[in-house]
Amino acid sequence: MAVSPGPPATTPPTSSASTHPKVLAVIPARGGSKGVPGKNLASVAGVPLVVRAVLACRSARLVTDVVVSTDDPAIAAAARSAGADVVVRPAGISGDTASSEAAVLHTLDAHPDTDVVLLVQCTSPFLTREDVEGVAAAVVEDGAETAVTVAPFHGFLWREDEVGGGQGMGHDKSFRPRRQDRPQDFLETGAAYAMDAEGFRRYKHRFFGRTALVRTDPARVLEIDEPHDLERARALAPVLDRLPTPTCDDVDAVVLDFDGTQTDDKVLIDSEGRELVAVHRGDGLGIAALRRAGLKLLVLSTEQNPVVAARARKLQVPVLHGIDRKDLALKQWCEENGIDPARVLYAGNDVNDLPCFALAGWPVAVGSAHDSVRAAARAVTRTPGGEGAIREIAAWLLGPELDHTPQPHHTPA
C-alpha cells in the first residue's frame, strides 16, 4: 500500500459501533454541465449515469448509506428510484466552480454519525462494486486514512512549453528506459475515494494521512467530460458490462424470482379473470439438476397468484410468494437455513429485485431484465426470462450437461 505525503495521520475510525461502522457513499450530481448538457442523467447501456453509480454503491460490501447530492429535481427522482437518499444541494455550492469536497461536507452535516465517507463520481460509468468495496475496505479494515482508485500507467507524460516545444514531465526525454525498467506509476481514475470522516471534516480535502492505492482495471478508466466520451462509453458498454459467471464452487443456494424471470412477464386472462402464464420446460430441467446437485433452492415472489405456488410444487422447490419486502424475506430465509447471503445466487428481472441484489453475493439479471437491474447484476444471462434463462444459469453452475459431480476432498497422507 503506497503512502502519500500529507498532514500527520489521524486515528482510524473508532465509533461506538466500531464493529459495524457507518460508511456513507456520497455521489455529487449537480444539474448543470457545460461539456455535456444533462450529463449525470445521460444513459450508458440504457441506464442513467447517476443510477449506475448508485447501484454500484448499494451493492458494495461495507457501504451502509448511499446519498446523491444534487440541485436538480430530475436527478433526485432518478437517484431515489435506484434506492439512494437525496440531499438537496444549495445554490452556493452548485455552480461550475463548486468542489466535490464542498458537496461531501454539506452531506456530512446531515449524517453526523458517519465513520467513513466515500466520494463516488457518476461520471465514471464503468465504476464497479469492487472499486467501491476496495476504497471502503482500505479505510474501514486496513487502517488507511484515505483511499483512491488508481490504474497502472506506463506512458510518458509531456507538456508544451512557452515556445511550443515539448518537455518531458517526470522523465528525461533523452533517456527512454524500457517499461519493465521504470518504476510503476499509477493514474488516478477519478471514480472513487474514501476518507475517515473525522479527518475529512478536519482537513476538508480528500487526501490526508496515509493514502491507500486501490488498483482497478485500466480498461475501465473513462471519465465523461465531453460528448465524445459519452459516445465511447456507450460503444464500450456491451464489452465492459459483461461480467464473469459463477460456478458451483461460488454458491450454496439459488433463489429465483418468478414473473419475468421464470416467465416472459406476459399473462393471459380468460373471461372469468383467471390468469395463465407460460413457463419453459428447460427451466424445469435446470432446476431439477440444481436440486440433485444439493443446492438450496427457493422461489421468492411478490406475486399473490396461486400459479406461483403451483409451479413451485411441481418443481419440488420451497416458495415464498405474496411477499412485500423480498429482501427481508431472503435475509430471514438465509438465517433460518444457515446460508451466507454472500453465497446466494439471486435471479431477477425488475426493480423490486434490486434490494435482494444488494443482499446476495451473486445477483443475476435475466437477459430481458430492466436496464437498472442489468446494471446492478454481477452476471446477465443471454437468454430472456421465460425462454430458458434458468436453464442457462444451471449450466453455469453445473456445466452444459447439467451433470455435476462434486470433487472429492483429498486428505494428505
So, taking the atom named OG1 in Thr123 and the one named CG in Asp229, what distance separates them when rounded to the nearest 0.5 Å? 9.5 Å

Any side-chain donor paired with an acceptor under 3.5 Å for Thr149 and Thr216? no

For atom CD of Glu401, is the number of surrounding heavy atoms from other residues, nucleotides or ligands below 6.0 Å larger than 12? no

Are Arg311 and Val279 packed together at the side-chain level, in the sense that at least one heavy-atom pair is separated by less than 4.5 angstrom? yes

Test item: His370 side-chain N/O and Val351 main-chain N/O as donor-acceptor pair under 3.5 Å: no

Inspect the surroundings of CD in Glu223 and state if more than 12 heavy atoms from other residues, nucleotides or ligands are less than 6.0 Å away. yes

Salt-bridge contact Arg234-Glu231 (side-chain N to carboxylate O under 4.0 Å): yes

Would you compute the distance between atom CZ of Arg52 and atom OG1 of Thr128 and round it to the nearest 0.5 angstrom? 11.0 Å

Verdict with reasoning, Leu127 to Val132, per side chain to side chain contact (heavy atoms under 4.5 Å, CB included): CA-CA 8 Å; Leu127 170 83; Val132 180; 4.0 Å; yes

Evaluate the side chain to side chain contact (heavy atoms under 4.5 Å, CB included) criterion for residues Val364 and Tyr346: first the C-alpha distance (whole Å), next the side-chain angles of each, then the deciding distance (0.1 Å), finally the verdict. CA-CA 6 Å; Val364 173; Tyr346 180 92; over 6 Å; no

Would you call Lys22-Asp113 a salt bridge at under 4.0 Å N-O? yes

Any donor-acceptor pair under 3.5 Å from Ser59 side chain to Ala358 backbone: no

Asp324, CG atom: more than 12 neighbouring heavy atoms under 6.0 Å: no

Is it the case that Glu188 and Tyr193 place a side-chain donor and acceptor less than 3.5 Å from each other? yes

Contact check, side chains of Val54 and Val120, non-hydrogen atoms, under 4.5 Å: no

So that I can tick it off, tell me whether Lys204 and Glu101 are bridged by a salt bridge, with the cut-off set at under 4.0 angstrom between side-chain N and carboxylate O. no

Test your reading of the model: is there a side-chain donor-acceptor pair from Asp250 to the backbone of Thr247, 3.5 Å cut-off? yes

Note, Val47 side chain near Arg374 side chain (heavy atom, < 4.5 Å): no

Note, Leu330 side chain near Val255 side chain (heavy atom, < 4.5 Å): yes

Quick check: does any side chain N or O of Ser94 sit under 3.5 Å from a backbone N or O of Pro90, one acting as donor and the other as acceptor? yes

Phe357 and Leu55, any side-chain heavy atoms less than 4.5 Å apart: no

Is there a donor-acceptor pair closer than 3.5 Å between any side-chain N or O of Asn40 and the backbone N or O of Arg30? yes

Residues Lys326 and Asp353 bridged, charged N to O under 4.0 Å: yes

Before accepting this row, confirm whether a basic side-chain N of the pair Glu226/Arg232 lies closer than 4.0 Å to the acidic partner's carboxylate O. no

Do Ser124 and Thr189 have side-chain heavy atoms sitting under 4.5 Å apart? no

Verify, without hydrogens or angle tests, whether Asp340 (side chain) and Arg343 (backbone) share a donor-acceptor contact under 3.5 angstrom. no

I'd like to check Phe200 versus Leu105 (side-chain heavy atoms, cut-off strictly below 4.5 Å). Are they in contact? yes

If you round to the nearest 0.5 Å, how far is CD1 of Ile339 from NZ of Lys331? 15.0 Å

Ignoring hydrogens and geometry, is there a side-chain-to-backbone donor-acceptor pair from Gln304 to Gly322 under 3.5 Å? no

Would His106 and Ile93 satisfy side chain to side chain contact (heavy atoms under 4.5 Å, CB included), going step by step from the backbone distance to the final call? CA-CA 9 Å; His106 175 257; Ile93 57 171; 3.6 Å; yes

Is there a donor-acceptor pair under 3.5 Å between the side chain of Arg58 and the backbone N or O of Asp65? no

Once rounded to the nearest 0.5 Å, what's the spacing between atom CG of Leu157 and atom CG of Asp185? 8.0 Å

Validation row: Ile224, Pro125 side chains within 4.5 angstrom (heavy atoms): yes

Whether the side chain of Thr245 engages the backbone of Trp396 through a donor-acceptor N/O pair (distance < 3.5 Å, no angle test) should be reported. no

What do the steps show when you test Thr146 against Arg206 for side chain to side chain contact (heavy atoms under 4.5 Å, CB included), and what is the final call? CA-CA 7 Å; Thr146 57; Arg206 70 189 74 176; over 6 Å; no

Between the side chains of Ser69 and Arg89, does any donor sit under 3.5 Å from an acceptor? yes

